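In what follows, a single structure is set out as structure tokens and then discussed.
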2 protein chains.
Amino acid sequence: MKKRPTDTPIDTSTEEKIKSAARTIFTQKGYAATRTRDIAEEAGINLALLNYYFRSKEKLFDIIMLESMQDFIHSITGVFNDETTSLKEKIQNMVNHYLDMLTNQPNLPLFVLSELRDNPGDLISKLHLKENLVQSHFLKQIQQAIQEGRIPPIHPLHFIMNLMGMIVFPFVASPILKSIGELDQSAFLELMQQRKKYIPIWIEAMMKVK
Amino acid sequence: MKKRPTDTPIDTSTEEKIKSAARTIFTQKGYAATRTRDIAEEAGINLALLNYYFRSKEKLFDIIMLESMQDFIHSITGVFNDETTSLKEKIQNMVNHYLDMLTNQPNLPLFVLSELRDNPGDLISKLHLKENLVQSHFLKQIQQAIQEGRIPPIHPLHFIMNLMGMIVFPFVASPILKSIGELDQSAFLELMQQRKKYIPIWIEAMMKVK
DNA sequence: GTCTATATACGGATAGAC
DNA sequence: GTCTATCCGTATATAGAC
């Protein structure tokens with residue numbers, strides 16, 4: 001089960017070319033707005049070949065979708081379950097990790113969240129969220145800190161929401177943020193880099209509130 | 001206290017019935033996945049009538065989309081440009097306002113942000129973001145506070161991103177959050193109500209960081 | 001204004017040659 | 001495995017009766 005970065009398609013097999021193209025188009029436009037013809041063109045192959053390899057648009061989509069979500073979740077579980085790092089270090093690692101990831105794949109969260117809107121039950125269950133997040137070392141550390149009175153006794157999900165919101169939201173809302181801030185792409189990315197430094201500090205300040 | 005878009009609207013004209021139905025379906029499923037037949041059925045009218053009033057699916061969508069975005073932006077401009085309130089009060093008002101709005105229309109942000117992904121230029125320009133946000137009293141107060149050294153000298157957009165991220169993100173990611181937190185709908189809404197109290201405090205704590 | 005019936009286009013999928 | 005040509009369901013849009 002080796003993992004290959006999506007930006008370096010070493011595997012030039014037809015199957016992988018199609019998957020790579022599908023990932024690009026699906027992520028940009030979503031399932032319904034994507035035409036299999038566009039995927040075929042992007043992959044530089046014929047439409048019939050797509051069905052030869054993947055049987056149907058929907059089956060191809062399911063594969064891409066599952067992999068995308070695993071990218072999103074899996075990539076962080078290492079950070080979350082590293083028993084050698086403190087809560088503070090985990091937050092810094094998570095911020096760095098996600099901000100780099102989203103810089104490379106800015107469309108990923110909106111894609112995943114949009115497609116999740118309807119079919120919540122089925123797909124989510126395949127991600128093993130329970131083991132990877134609910135029972136993570138990260139969450140245990142939060143709960144312990146609450147018990148010891150080092151952070152206020154609120155639902156840990158608030159911290160997750162704040163952290164993820166501050167990291168992910170700017171990418172999800174980038175068109176409107178660029179517009180109101182009158183930023184071009186590089187200025188936007190510069191702000192995102194700044195956030196690597198700021199977000200951990202902000203989170204820490206929030207956690208000290210009583 | 002849930003608002004139901006399908007309730008009989010005050011304006012019972014056919015045109016308004018179609019628009020109301022369109023708002024519901026488009027917001028749930030997005031443009032591409034929506035079928036005009038579904039809108040007609042939801043509106044309790046015939047498919048042909050939809051084209052009689054709005055010429056095409058796309059023209060109908062453009063109207064709904066513009067109104068949705070205006071809902072989202074316009075509703076806040078009153079708060080942002082109230083010259084009688086302090087920065088702190090504006091933040092509290094904004095949090096209350098948006099959390100109530102999103103509780104009633106939880107699908108709105110994902111809809112708007114998804115559909116904005118591709119056509120950024122055109123639609124955004126119609127919202128008068130410049131007058132309503134860029135030149136708002138809210139932003140002026142932030143800039144003044146920075147000059148007076150009361151908050152750190154960072155790009156004001158960081159505060160906007162943090163504030164909006166903390167407010168909006170939980171609704172955008174609600175399926176996954178409910179799953180990892182093992183929350184049902186009412187428990188989720190309970191958390192959202194708690195955030196009315198917490199977010200202003202958190203933001204204030206963040207702003208004091210140097 | 002509102003309906004039924006239909007034209008037209010588009011997109012997913014397959015047949016069959018190579 | 002890969003292509004060209006084509007089928008066929010589905011969805012938008014219109015024609016025309018009432």
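By convention in this document, chain letters (A, B, ...) are assigned in the order of the sequence lines, proteins followed by strands, and residues within each chain are numbered from 1. Both backbone and side-chain heavy atoms feed into the values below; hydrogens, waters and symmetry mates do not. On a predicted model such as this, the values are computed, not experimentally measured, just so you know.
Taking atom CG on B/Leu49 and atom P on D/dA13, their separation rounds to 15 Å, with Å as the unit. Rounded to whole angstrom, the span from the CG atom of A/Asn46 across to the P atom of C/dG12 amounts to 14 Å. Computed from coordinates, the B/Asp38 CG to D/dT12 P distance equals 8 Å when rounded to whole Å. One interatomic measurement links the two molecules: OH of A/Tyr53 to P of C/dT14, which rounds to 17 Å at whole-angstrom precision. In this entry the distance linking CD of A/Glu58 with P of C/dA13 reads 8 Å, nearest Å. The distance between atom CD1 of B/Ile45 and atom P of C/dT2, rounded to the nearest whole Å, is 9 Å. Rounded to whole Å, atom C1' of D/dT6 lies 11 Å from atom CZ of A/Arg37. The distance between atom CD1 of A/Ile39 and atom C1' of C/dA13, rounded to the nearest whole Å, is 14 Å.
Within the 4.0 Å cut-off from OP1 or OP2 of D/dT12, not a single side-chain nitrogen or oxygen of B/Asn51 is found. For the pair B/Thr36 and D/dT12, the criterion of a side-chain N or O lying under 4.0 Å from OP1 or OP2 is met. Close to D/dT12, at under 4.0 Å from its OP1 or OP2, lies no side-chain N or O of B/Ser56.
Here A/Leu47 lies in heavy-atom contact (under 4.0 Å) with a base. Using a 4.0 Å heavy-atom cutoff across all strands shown, B/Arg55 reaches sugar-phosphate atoms only and no base atom. The residue B/Tyr52 sits close to a base: some heavy atom pair falls under 4.0 Å.
A donor-acceptor contact under 3.5 Å is not formed by the side chain of A/Arg35 with the base of C/dG12.
Donor-acceptor pairing under 3.5 Å is lacking for the side chains of B/Gln135 and B/Lys140. Side chain to side chain, A/Glu16 and A/Ser13 fail the donor-acceptor criterion of an N or O pair below 3.5 Å.
Between the side chain of A/Glu67 and the backbone N or O of A/Arg23 there is no donor-acceptor pair closer than 3.5 Å.
For the pair A/Leu183/B/His155, a side-chain contact is recorded, criterion being any heavy-atom separation below 4.5 Å from C-beta on.
Closest of all the heavy-atom pairs between B/Arg117 and A/Gly30 is NH2-N, 4.4 Å.
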